[in-house]
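Let me begin by presenting the structure, written as structure tokens, before commenting on it.
The chain is numbered in sequence order, starting from 1. No experiment lies behind these values; they were computed from the predicted model shown.
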Amino acid sequence: MTNFVESDERRALRRAVADLAAKYGHEYFVAKARAGEKTDELWAEAGKLGYLGVAVPAEYGGGGGGIGDLAAVCEELSAAGCPLLLMVVSPAICATVIARFGTEEQKRRWLPGFADGTTKMAFAITEPDAGSNSHKLATAVRRDGDEWVLSGGKYYISGVDEVDAVLVVARHVDSTGNRLLPSLMIVPTDAEGFTFRHIPMEIVSPEKQFTCFFDDVRLPADALVGAEDAGLAQLFAGLNPERVMAASLATGMARRALDQASEYARTRTVWDKPIGAHQGVAHPLAQCAIQVELARLMTQKAAALYDAGEDRAAGEAANMAKYAAGEAVAAAVDQAIQVHGGNGLSSEYGLGALLAASRLSRIAPVSREMILNFVAQHTLRLPRSY
């Protein structure tokens, strides 16, 4: 994207995904979530049609596109009321990392499944005592002959109950017990010594959150993705797409909230006039619309930079996009509820279900405060505060 206009192919992709999502919609998504079920039908159809694999290299069955194409899919599903959180993790982080750094054997094994949606993989980096400090990760991996031995734990890991494997960030430990650089290990969910426990959440979502435990899990040599000493550089090559996708998930939710609020403001009549004719209603919605469009533009910039191989610039733009989208969706959902009055929190209108999810966009996968730290240090070159 060089002229602020998406390609004809990208716009056609958006229309096709929107048509698919309209067959399911918010009612389907919420019903599945409240029943404790998964959105398997939507995921399977999106995979069969190639939408989940648009960014997987063509030689492995994917569409050969970039993260911008996958982000467009994510945004359109979200805008239709089906924000699939696992899209941020499985095809965006895990498939991207394996496509960029995996061995040929790993690519042949995993990427075709990512391409058609038959493979799902979770991503595990967060730890209770490390917070946002990836330098303090305690989960460790050590060599034992021809195998790896993984020990430690992770928490707030999405979708572990519905995936084939988890891509785990762990620090290497040498023979003397010294902790070295982190790297990425593929851990099958049925591996001996790997257990997980559900974390109850107030968010209405089919994807659940889990605490994971790795009790001396033995893994084959080819469980390692990329170089043993790659460190954070390889890790963040996977996290930039995560931020782009999280921003798209958020702007999609924001678009849905604004569309619904605008329709209500056009049709809800009080004192013989639609409430949308009043500036007290119209101006806050217009401000939200501006915020959303600015966030979408920065998200497209971040995706374009990443797809062009500009990892450093993409990191800056992806963080800004994630921040802008989180603020935009929180404001849009809040204002949409306000426009609806009491109806805004009724089950009939479905906005209440968006409230916690929109608020989460300011926290995960990276908090707004850590993004501000990043921008202050790297963009403004201010002294590091932590």
Side-chain angles (χ1 to χ4, degrees), residues 1-7 9-11 13-14 54-55 65-76 78-79 83 87-89 91-97 99-101 123 125 132 134 232-255 288-332 360-382 384-385:
M1 188 187 74
T2 58
N3 60 356
F4 301 100
V5 177
E6 288 188 316
S7 67
E9 292 80 3
R10 177 81 59 81
R11 285 182 284 182
L13 175 64
R14 285 186 180 276
V54 290
I67 197 65
D69 298 310
L70 188 62
V73 173
C74 182
E75 183 184 352
E76 294 306 321
S78 184
M87 274 200 71
V88 178
V89 178
I93 302 176
C94 300
T96 298
V97 166
R100 287 191 64 172
F101 303 108
F123 178 72
I125 182 172
S132 299
S134 55
L232 294 177
Q234 182 173 291
L235 170 61
F236 280 98
L239 292 182
N240 284 339
E242 177 192 47
R243 282 144 174 66
V244 171
M245 293 291 286
S248 295
L249 193 81
T251 55
M253 286 192 291
R255 285 171 52 198
C288 288
I290 292 169
Q291 285 183 274
V292 171
E293 285 307 303
L294 290 173
R296 294 183 73 207
L297 185 60
M298 180 54 78
T299 303
Q300 290 183 353
K301 177 181 179 180
L305 287 168
Y306 184 84
D307 290 337
E310 300 285 346
D311 284 349
R312 187 176 185 86
E316 180 183 49
N319 274 289
M320 290 182 174
K322 165 63 180 61
Y323 178 93
E327 299 300 298
V329 69
L360 179 63
S361 293
R362 302 176 79 203
I363 300 170
V366 59
S367 72
R368 64 190 298 276
E369 289 77 17
M370 288 306 297
I371 292 176
L372 291 173
N373 283 336
F374 179 92
V375 172
Q377 180 184 344
H378 295 280
T379 303
L380 304 178
R381 299 193 300 278
L382 298 178
R384 183 168 177 161
S385 63

Please name the pair of heavy atoms, one in [X] and one in [Y], separated by the smallest distance, quoted to 0.1 Å.
| X | Y | result |
| --- | --- | --- |
| A71 | S248 | CB-OG, 3.2 Å |
| A72 | R10 | CB-CD, 3.6 Å |
| C288 | A331 | SG-O, 3.7 Å |
| A313 | L305 | O-CD1, 3.7 Å |
| A318 | R243 | O-CB, 3.8 Å |
| M87 | M245 | O-CE, 3.6 Å |

[X] side-chain N/O to [Y] backbone N/O, donor-acceptor pair under 3.5 Å:
| X | Y | result |
| --- | --- | --- |
| T251 | A247 | yes |
| N319 | E316 | no |
| K322 | N240 | no |
| S78 | L249 | yes |

Going by heavy atoms in the side chains, are [X] and [Y] under 4.5 Å from each other?
| X | Y | answer |
| --- | --- | --- |
| L239 | V366 | no |
| I371 | M320 | no |
| R296 | R255 | yes |
| V5 | R11 | yes |

Spacing of [X] atom [atom1] and [Y] atom [atom2] [to the nearest 0.5 Å]:
| X | Y | atom1 | atom2 | result |
| --- | --- | --- | --- | --- |
| R381 | T379 | CZ | OG1 | 9.5 Å |
| T96 | I67 | OG1 | CD1 | 4.5 Å |
| R384 | Q377 | CZ | CD | 5.0 Å |
| Y323 | S361 | OH | OG | 13.5 Å |

Problem set entry | Candidate pair I125 and L235, rule side-chain contact (heavy atoms from CB on, under 4.5 Å), full reasoning | CA-CA 10 Å; I125 182 172; L235 170 61; 3.8 Å; yes
Exercise. In terms of side-chain heavy atoms, does Q300 have a donor or acceptor partner in E6 at a distance below 3.5 Å?
Worked result: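 Short answer, yes.
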